[in-house]
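Here is the structure we will look at.
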Amino acid sequence: MLGATVSRAVIVSGGDGTQNTGTPTGGAAGSPVDHVGIVNNGSGVFLGTYGGSHWVLTASHIGAGNFTLSGTTYSLIGGSSVQVRNGDNSLTDLTLFRISTAPALASLTLSTSTPTVGSQVTMVGNGLNRSSGPTEWDINGSAWSQIPYGPPAGDAFGYTTTPGNTMRWGTDNIAGTTINGNNSYNIGTGNTRMFYTSFDGYLDAEFNVLTGQAQGSVGDSGGAVFYKNGSTWELAGIMGVIYTYNGQPSNGVVFGNLTGIADISAYRGAILSAIPEPADVALWCAAGVSVLALWRRRRAR
């Protein structure tokens, strides 16, 4: 049985756990991972500069704060935080805030629709590191006990987390949009529409591990999920919650765990109402000039 808790870092299967900290390669090449930084005890995504204001998006349970990107810290503008709302005006687990200055990065494209199930995405966030090799557990009722990795097979497989946080990326495929009959998650910050990925790392009877699969763990709430739509990389989601097994050790990341991701396409309109697209800003400015000119003409009469 899987239960939900807040999402905290990107754990990547295979290798020694130190991989995927630089420029993405393979199917993730070109994804804008350089937009993802650190906020409070989690992650945040620099969306871009709109109408002269510089905006960051994170998970509401992480909250607004100073934003550190590639070693540079950008100060939070006090009072700028906006919690994104659902269509019925209820709150979600998405929060926007402004920073005083901005990195020299282009504005991100926000997805207009949920990527189809099976689509590959790039996940990036800051969080705990993992053990260099796989971990195996025996399960007796609700008690999990760690055992040496390898035959004979235990009941669960994965990794243990280790101290220290690292910004890391990984790839996975969208597994679905509904968990336990729900198409949203709520960890106390409001119902939030989602899709999810599954950590499918254990490969075969020879104990080979599927390399490159990503899973949210401790430290990466607020991190980004990018999807390549044709030739354009889009921000498709924000990591917010993980689904773990009953009794699973708090320092365990287990194959079969799920990462619940806030679906940006469901909130694109609400986000852009707070940070209008540059084209919208231009239209509003033009409309303002026209109204002002009309008011002046009427007053002159």
Side-chain angles (χ1 to χ4, degrees), residues 2-10 35-47 55-67 76 80-99 108 110-115 121 123-127 172 174-199 214-227 234-244 257-275:
L2 292 169
T5 58
V6 295
S7 171
R8 313 261 179 173
V10 172
H35 285 64
V36 184
I38 302 168
V39 181
N40 297 325
N41 293 319
S43 303
V45 184
F46 176 65
L47 295 184
W55 289 91
V56 174
L57 179 64
T58 189
S60 296
H61 68 270
I62 294 300
N66 294 336
F67 179 61
L76 166 71
S80 67
S81 176
V82 178
Q83 192 168 357
V84 176
R85 293 177 180 265
N86 289 297
D88 61 2
N89 207 39
S90 61
L91 297 172
T92 73
D93 192 33
L94 290 172
T95 289
L96 292 155
F97 62 90
R98 289 190 290 138
I99 51 179
L108 293 175
L110 307 183
S111 291
T112 59
S113 60
T114 309
V121 291
M123 304 158 64
V124 56
N126 186 67
D172 208 334
I174 296 176
T177 58
T178 301
I179 299 176
N180 300 332
N182 297 313
N183 67 353
S184 63
Y185 71 85
N186 190 337
I187 50 175
T189 50
N191 289 325
T192 307
R193 275 274 301 277
M194 71 170 184
F195 56 86
Y196 68 92
T197 58
S198 178
F199 191 44
Q215 167 65 23
S217 182
V218 179
D220 105 79
S221 284
V225 176
F226 296 112
Y227 165 67
E234 301 176 348
L235 179 64
I238 296 292
M239 289 182 280
V241 64
I242 57 174
Y243 292 82
T244 59
N257 286 172
L258 310 176
T259 303
I261 299 159
D263 186 349
I264 290 297
S265 69
Y267 300 105
R268 184 176 185 275
I271 291 170
L272 292 179
S273 69
I275 53 168

Exercise. Checking side chain to side chain contact (heavy atoms under 4.5 Å, CB included) for the pair Leu96/Leu94: CA distance, chi angles, key distance, verdict?
Worked result: CA-CA 7 Å; Leu96 292 155; Leu94 290 172; over 6 Å; no

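- Just one of Val56, Leu272, Leu57 meets the side chain to side chain contact (heavy atoms under 4.5 Å, CB included) condition when paired with Leu47; it is Leu57.
- Listed by chain and number, the residues in a side chain to side chain donor-acceptor pair (under 3.5 Å) with Thr95 are Ser60 (sequence neighbours excluded).
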For this session: Could you please spell out the steps behind the side chain to side chain contact (heavy atoms under 4.5 Å, CB included) verdict for Val225 and Phe195?
Result: CA-CA 11 Å; Val225 176; Phe195 56 86; 4.3 Å; yes

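- Side-chain atoms of Thr189 do not come within 3.5 Å of backbone N or O of His61 as any donor-acceptor pair.
- Every residue meeting the side chain to side chain donor-acceptor pair (under 3.5 Å) condition with Asp88, not counting sequence neighbours, appears here in chain and number order: Ser90.
- Separation of atoms OG (Ser113) and CD (Glu234) is listed at 7.0 Å; rounding is to 0.5 Å.
- Contact detail for Ser80 and Leu76: the closest heavy-atom pair is OG-CD1, 3.9 Å.
- When only modelled atom types and interatomic distance are considered, Ser265 and Thr114 share a side-chain donor-acceptor pair under 3.5 Å.
- Between Ala266 and Arg193, the shortest heavy-atom contact is CB-CB, 3.9 Å.
- The distance from the OH atom of Tyr196 to the CD1 atom of Ile179 is 5.5 Å, given to the nearest 0.5 Å.
- Side chain of Gln215 to main chain of Leu258: a donor-acceptor pair is present (N/O by atom type, distance under 3.5 Å, no hydrogens or angles).
- A distance of 6.0 Å separates CG of Leu110 from CG of Leu235, quoted to the nearest 0.5 Å.
- The structure places CG of Asp263 at 11.0 Å from CD1 of Ile238, a figure rounded to the nearest 0.5 Å.
- A donor-acceptor pair is defined here as one N or O able to donate and one able to accept, closer than 3.5 Å; no such pair exists between the side chain of Thr192 and the backbone of Ala262.
- Atom CD1 of Ile174 sits about 8.5 Å away from atom OG1 of Thr197, to the nearest 0.5 Å.
- Between Asn86 and Tyr267 the shortest side-chain heavy-atom distance falls below 4.5 Å.
- When all heavy atoms of Pro115 and Ala236 are compared, the closest pair comes out as CG-CB, 4.0 Å.
- Results of the side chain to side chain contact (heavy atoms under 4.5 Å, CB included) test with Phe67 over Asn40, Ile38, Val45, Val39 single out Val39 as the only residue that passes.
- Smallest separation of non-hydrogen atoms from Met239 and Val124: CE-O, 3.4 Å.
- When all heavy atoms of Ala224 and Val36 are compared, the closest pair comes out as CB-CG2, 3.6 Å.
- Thr177 OG1 to Met194 CE: the interatomic distance, rounded to the nearest 0.5 Å, is 8.0 Å.
- Considering every non-hydrogen atom in both Gly240 and Tyr185, the closest pair reads CA-OH, 3.5 Å.
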